[in-house]
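Model, not experiment: these values are computed from the prediction. Order of the sequence lines sets the chain letters (A, B, ...), proteins ahead of strands, with each chain counted from 1.
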Amino acid sequence: MKYYSVKNERTQLLNYLWDFQKEKGYISDSDIRALSKELGISRIEIEGVISFYHFFKRKPVGKYTIYLNNSMISEIKGFRKIKKALEKETGAVFGGTDPTGTFSLFETSCIGLSDQEPAALINFRPFTGLTPEKIKKIISHLKSGGNIDKIKDEVKDFVRYKNDKGEPVIFGEYKEGEAVLNTVKKRPDEIIAEIKESGLSGRGGAFFPTGLKWEFAKRNGSLQKYIICNADEGEPGTFKDRVLLNQIPGLVLEGMITAGYAIGATKGIIYLRAEYFFLKEKIKQTINRFYEIGLLGQNILGKNFDFDIEVMSGAGAYVCGEETSLIESLEGKRGGPRTKVYFPVEKGYLEKPTVVNNVETFTAVARIMEKGSDFFGKKGTDKTKGTKLLSISGDCKKPGIYEIEWGITVKEMLDLCEASDVNYIQFSGPSGTVLTEKDFNRKICGEDLICGGSIMIFNSKRDVFDILTNFSNFFIAESCGLCTPCRAGNYLIGKRLEKIKNGEATFEEIEELKSWAKVLRDTSRCGLGKTSTNFIVDTVNKFPELFKKKALKEKEFNLEAALNDYYDYVKNN
Amino acid sequence: MDPRTVKIKIDGKEFDAIEGQSLIEAAKNNGFYIPTLCHFKEIYPPLGTCRVCTVNINGKPDTACTRKVFDGMNVEVNTPEVLDNRKAIVEMLFAEGNHYCPACAKSGDCELQRKGYEMGISSSRFPHLFEERPRDFKDDRIFLEHNRCILCKRCVHEVKTNNGENVFYFQNRGHNMRVGMDYEKAKELTDEQVLDAAKLCPVGAIIAKGKCTAKPFGDRKFDIDKQIKWIPSEDLKLDIPKDGKKKIVATTSLAGCFGCHMSLLDIDLGILDILELVEFNKSPLTDIKNFTKQCDIGIIEGGVANSENFEVLKEFRKKCKIVVALGECSVWGGMPAMRNTLPLKDCLEEAYLNSISSENDEKVIPYHEDIPKLLNKVYAVSDIIKIDYFIPGCPPNADHIWKAVKNILFGAGEKVAYEEFKYD
């Protein structure tokens with residue numbers, strides 16, 4: 001237990017658990033006993049933390065654990081075939097391990113590789129563009145004792161568009177250290193004024209004005225403050241932060257350093273989703289180089305300013321993208337959202353003022369420091385300044401990252417990624433909006449269609465009910481369970497969707513979903529529950545004919561099906 | 001420095017409150033009631049799990065337990081929209097767990113049940129899930145009944161050993177989340193602390209073995225609580241000509257215990273008055289086995305457990321203008337639905353093969369073409385046909401039945417008194 005020298009041991013709980021998990025593939029009773037004794041917390045509490053996270057296991061797993069992405073994009077790219085191939089080649093069944101104890105198979109929520117699906121993580125190494133043939137090769141290589149690192153895929157970054165009609169903000173040329181140099185030349189209040197002037201708002205999807213958030217944190221007199229980089233992008237279909245952290249990790253660090261300087265924080269933490277383990281080494285290397293060249297550490301660039309950054313790993317929970325859940329997770333707890341009695345800028349990580357910003361926000365901050373607020377603020381629309389990264393996937397010729405200027409139309413976006421047959425767009429992720437042809441002339445910006453970044457395109461051959469089922473299953477799997485409407489509501493809605501899909505629901509029962517959705521929207525504890533039914537309401541409203549066709553005229557009860565259990569039993573006995 | 005007084009508005013009325021106070025406290029201090037479930041005292045951070053105290057604050061929905069009062073706070077507590085949101089949450093909890101009130105030690109002391117009364121819930125808009133939630137008997141002194149747990153977090157937050165370690169903690173997440181117990185830590189609790197934990201639980205999920213049934217039914221906390229007098233009645237506007245003719249009523253008992261019919265007879269001498277107004281057709285009360293004419297109202301006791309129940313129910317829908325679900329079994333399955341969480345096979349084997357009352361030479365599963373066939377589970381009548389009106393209760397109070405039927409038949413529009421609404 002190498003972390004035991006660290007203060008605030010409880011905050012290291014996830015690290016300890018990862019050590020055990022990586023060492024032998026699961027966390028044993030004796031591990032838990034040891035931790036319980038060492039940390040002075042009860043075993044049940046530690047088990048509660050373990051069972052919250054998808055990637056922690058309490059039972060032994062195979063030498064290779066395979067997590068296959070089950071997102072909708074994966075489904076349209078061949079998920080079912082890959083699943084079958086994996087079961088055939090490994091001899092394991094999903095959710096279990098093969099008899100030789102070599103392979104364990106699990107499904108997992110979107111792993112941020114939607115531009116190269118179907119994709120899986122094998123011992124957290126990425127494997128992309130899977131086909132049954134490729135699976136055969138991978139498994140036989142591993143079976144014969146081959147090195148996994150020899151056959152893992154290098155994740156490709158398809159940056160397709162860099163605001164070519166104007167000029168790029170994020171994907172422009174990067175000069176290491178320039179943003180920090182410009183930062184420390186100014187006073188913290190000048191930095192905040194500049195960020196405010198630029199009009200930058202939170203790129204994670206909530207679009208809270210960044211400068212204002214920083215100002216709240218700066219005003220707080222606490223001696224200890226924190227900067228957290230939210231690299232837990234879990235919204236199905238998004239992968240922009242993955243590309244940023246792989247392409248320009250330095251820019252992200254510089255944004256964090258700027259934020260620390262502006263609000264008076266000396267410590268930064270990158271909360272990296274476990275799905276992105278393969279990026280961790282590169283980020284760490286960049287951090288180390290920053291220390292070497294004096295961009296991190298004490299007296300940065302000769303100024304009286306200290307700042308450190310470390311990387312912490314999540315363990316598989318979409319809800320940890322919500323900032324207060326993320327903070328709970330960093331403190332070594334179950335990643336449930338806090339009640340908003342205080343905002344993180346008042347009481348955040350370890351009850352200290354904390355600024356949580358998204359990866360993309362930090363890159364934009366660094367660009368503003370490099371090139372001035374005008375450079376950023378002149379781009380975009382009145383309400384949304386600058387550019388936005390879109391992660392486009394699904395039925396289009398060119399899936400990848402698009403840096404667009406706010407204000408382009410949906411049609412322009414579809415032309416860029418060469419999508420021709422478009423029936424259904426899941427805009428801004430499953431928690432966002434559903435778009436159809438009628439929306440093609442709408443503008444992507446704060447005045448019309450705000451977008452966190454995930455764009456999933458589905459053509460007319462895709463069954464809309466498959467899409468609904470997939471998204472619904474996602475929210476059921478990822479609800480933290482703390483509040484009634486999200487925990488029970490999403491599950492009940494899932495049951496109703498199943499009924500509708502099977503043609504067993506009346507039109508009233510379909511319409512009823514809208515009022516159920518309203519309850520979740522109004523009463524859920526965090527954004528997950530509040531937005532988890534948007535796609536259902538949108539789809540019912542935008543595809544009325546589809547639902548009319550599925551609807552029963554009046555209530556029907558399938559007596560035969562309800563009697564099957566009885567007849568089966570008496571027949572067999 | 002003295003705490004600052006701020007002005008807040010609740011449902012249009014202005015009140016003074018102390019800055020920093022929670023909205024729940026401020027409302028209470030001003031005699032204004034906001035329903036709560038997970039909230040049991042002021043703690044930081046507030047639990048904020050059940051969401052039952054959802055109100056509108058300056059036009060936006062939020063929970064009263066997690067918000068502090070501020071100057072100019074404008075709160076709506078009793079608009080139809082907010083009332084419905086809160087009701088929906090309580091209905092969700094009833095649908096999510098397995099709440100068999102008549103078989104629960106906490107009945108009458110249960111805060112979830114009380115919310116049901118208060119809000120006038122006659123049936124849940126959400127179909128009951130009936131999922132198996134295994135009980136935890138392992139501990140010597142504490143019985144964890146997961147069927148009833150509403151995951152409010154009270155025990156997780158409050159029940160600690162003297163060293164401050166958790167005895168209870170949430171396990172898993174989402175729909176699979178349950179409260180787990182640390183048996184070693186539980187040993188460190190005193191008997192008094194165990195009893196306190198059971199009392200702290202708003203429902204009957206934490207039971208101190210052998211100590212939770214001290215008070216008899218009828219004398220428990222909410223049995224004697226008359227604070228809320230009237231339950232808003234559901235309006236059912238039916239177009240029945242007021243021609244002075246006697247209304248025709250049919251009744252039946254499906255998978256029930258006939259208790260609802262007994263309660264109906266409790267109308268007592270009033271039944272003679274009823275006979276002036278109505279005529280009974282098919283009913284166990286008249287022993288008329290088959291419908292002889294179209295009826296105005298059909299009253300169904302019991303849920304649907306077998307093929308015969310199903311046929312009778314379908315017949316009622318055909319022959320009756322209005323169909324009323326009477327009592328818990330009819331409304332959502334009730335006690336017979338306790339088998340719904342188990343496979344039918346297990347139920348049959350337990351009842352006919354393995355039970356201590358089955359003789360060795362009589363071990364046989366009944367099967368004949370003439371006897372009704374068991375369905376895979378017990379269904380609410382509303383799963384099968386359209387139901388016009390629900391009368392909850394186990395059994396429903398006689399006055400309540402009479403008022404409801406009168407209301408439906410003659411549009412009398414009477415409200416139901418709180419004590420008439422009990423469903424335990």
Side-chain angles (χ1 to χ4, degrees), chain A residues 36 40-49 51-54 317 319 334-336 338-342 475-492 495-496 512 515-516 518-519 521-525 554-555 557 559 561-570 573, chain B residues 44-52 54 61 63 65-68 84-86 88-89 92-93 95-96 125-127 129 150-151 153 161 163 165-177 180-182 184-185 307 310 343-345 348 365 367 373-377 379 383-386:
Chain A
S36 165
I41 51 179
S42 67
R43 283 201 284 160
I44 201 74
E45 183 167 348
I46 295 171
E47 289 193 34
V49 174
S51 59
F52 184 85
Y53 297 96
H54 179 60
V319 71
R334 292 166 61 86
R338 292 178 174 177
T339 49
K340 309 289 186 289
V341 178
Y342 295 100
F475 286 117
I476 292 168
E478 297 298 340
S479 166
C480 83
L482 261 185
C483 78
T484 312
C486 182
R487 177 188 70 239
N490 275 311
Y491 192 77
L492 289 159
K495 289 269 170 195
R496 176 60 56 89
E512 203 177 18
S515 67
W516 293 7
K518 184 187 157 21
V519 176
R521 200 165 56 234
D522 283 357
T523 69
S524 289
R525 180 166 165 136
E554 58 179 56
K555 214 169 238 187
F557 181 80
L559 182 65
L563 285 171
N564 271 344
D565 287 359
Y566 178 72
Y567 283 125
D568 283 352
Y569 184 76
V570 289
N573 290 278
Chain B
Y44 171 78
L47 300 177
T49 57
C50 74
R51 321 305 284 174
V52 165
T54 297
T63 42
C65 71
T66 59
R67 290 295 301 268
K68 293 181 167 170
D84 188 62
N85 271 343
R86 288 201 294 262
I89 292 167
M92 257 181 213
L93 288 170
E96 183 189 33
R125 73 194 73 181
F126 307 102
L129 290 173
I150 56 167
L151 300 159
K153 208 184 173 180
T161 64
N163 295 331
E165 291 180 57
N166 274 296
V167 177
F168 300 102
Y169 212 72
F170 283 142
Q171 307 294 308
N172 307 317
R173 72 178 185 212
H175 175 64
N176 298 317
M177 189 163 90
M181 178 171 27
D182 194 308
E184 282 170 32
K185 298 296 164 202
S307 53
F310 175 83
L344 184 66
K345 175 177 176 287
L348 287 170
I365 305 281
Y367 177 77
K373 316 290 177 293
L374 274 186
L375 305 185
N376 57 346
K377 57 178 194 169
Y379 290 88
D383 286 336
I384 295 170
I385 59 164
K386 184 178 171 290

Keeping [X] on the side-chain end and [Y] on the backbone end, is there a donor-acceptor pair under 3.5 Å?
{"X": "A/Arg487", "Y": "B/Arg173", "answer": "no"}
{"X": "A/Arg525", "Y": "B/Gly48", "answer": "yes"}
{"X": "B/Arg51", "Y": "A/Pro485", "answer": "no"}
{"X": "B/Thr66", "Y": "A/Lys340", "answer": "no"}

- prompt: Where does the angle between the aromatic ring planes of A/Tyr566 and B/Tyr367 fall among parallel (under 30°), tilted (30 to 60°) and perpendicular (over 60°)?
  reply: tilted
Side chain from CB out, backbone as N, CA, C, O: work out which of these in [X] comes under 4.5 Å of a heavy atom of chain A, or both, or neither.
{"X": "B/Arg86", "value": "neither"}
{"X": "B/Lys185", "value": "side chain"}
{"X": "B/Leu47", "value": "backbone"}
{"X": "B/Pro343", "value": "neither"}
{"X": "B/Tyr379", "value": "side chain"}
{"X": "B/Leu129", "value": "side chain"}
{"X": "B/Phe310", "value": "side chain"}

Is it the backbone or the side chain of [X] that comes under 4.5 Å from a heavy atom of chain B, or both, or neither?
{"X": "A/Val570", "value": "side chain"}
{"X": "A/Tyr491", "value": "side chain"}
{"X": "A/Phe475", "value": "neither"}
{"X": "A/Ala477", "value": "backbone"}
{"X": "A/Leu492", "value": "side chain"}
{"X": "A/Glu554", "value": "neither"}
{"X": "A/Arg496", "value": "side chain"}

query: If you count heavy-atom pairs under 4.5 Å between each of A/Ser36, A/Cys486, A/Ser524 and chain B, which one has the most?
result: A/Ser524
task: Hey, could you give me the CG/CD1 distance between B/Asn163 and A/Ile41, rounded to the nearest 0.5 Å?
output: 13.5 Å
On a heavy-atom basis, which atom in [X] and which in [Y] lie closest, and how many Å separate them?
{"X": "A/Leu482", "Y": "B/Lys153", "result": "CD2-CD, 4.3 Å"}
{"X": "A/Glu45", "Y": "B/Asn166", "result": "OE1-ND2, 2.8 Å"}
{"X": "A/Ser42", "Y": "B/Glu165", "result": "N-OE1, 3.4 Å"}

message: Quick check on side-chain contact (heavy atoms from CB on, under 4.5 Å): which of A/Asp565, A/Asn564, A/Leu563 does B/Leu375 satisfy it with?
response: A/Leu563
- line: Per side-chain contact (heavy atoms from CB on, under 4.5 Å), A/Asp522 is matched among B/Asn85, B/Asp84, B/Ile89 by B/Asn85
Chain A interface, residue from [options] that has the most non-hydrogen pairs under 4.5 Å:
{"options": "B/Ala88, B/Cys50, B/Pro45", "value": "B/Cys50"}
{"options": "B/Met181, B/Lys345, B/Glu96", "value": "B/Glu96"}
{"options": "B/Met177, B/His175, B/Lys373", "value": "B/His175"}
{"options": "B/Thr54, B/Val52, B/Val167, B/Leu374", "value": "B/Leu374"}

message: What I want to find out is whether A/Glu512 reaches B/Arg125 closely enough, with some N-O distance under 4.0 Å, to be called a salt bridge.
response: no
query: Is any side-chain heavy atom of B/Phe126 less than 4.5 Å from a side-chain heavy atom of A/Lys495?
result: no
- prompt: Do the non-hydrogen side-chain atoms of B/Tyr169 and A/Glu47 ever get within less than 4.5 Å of each other?
  reply: no
message: Under the criterion side chain to side chain contact (heavy atoms under 4.5 Å, CB included), I'd like the reasoning laid out for A/Ile44 against B/Gln171: C-alpha separation, chi angles, the key distance, then a yes or no.
response: CA-CA 8 Å; A/Ile44 201 74; B/Gln171 307 294 308; 3.4 Å; yes
query: Is the B/Tyr44 to A/Tyr342 ring centre distance short of 6.0 Å?
result: yes
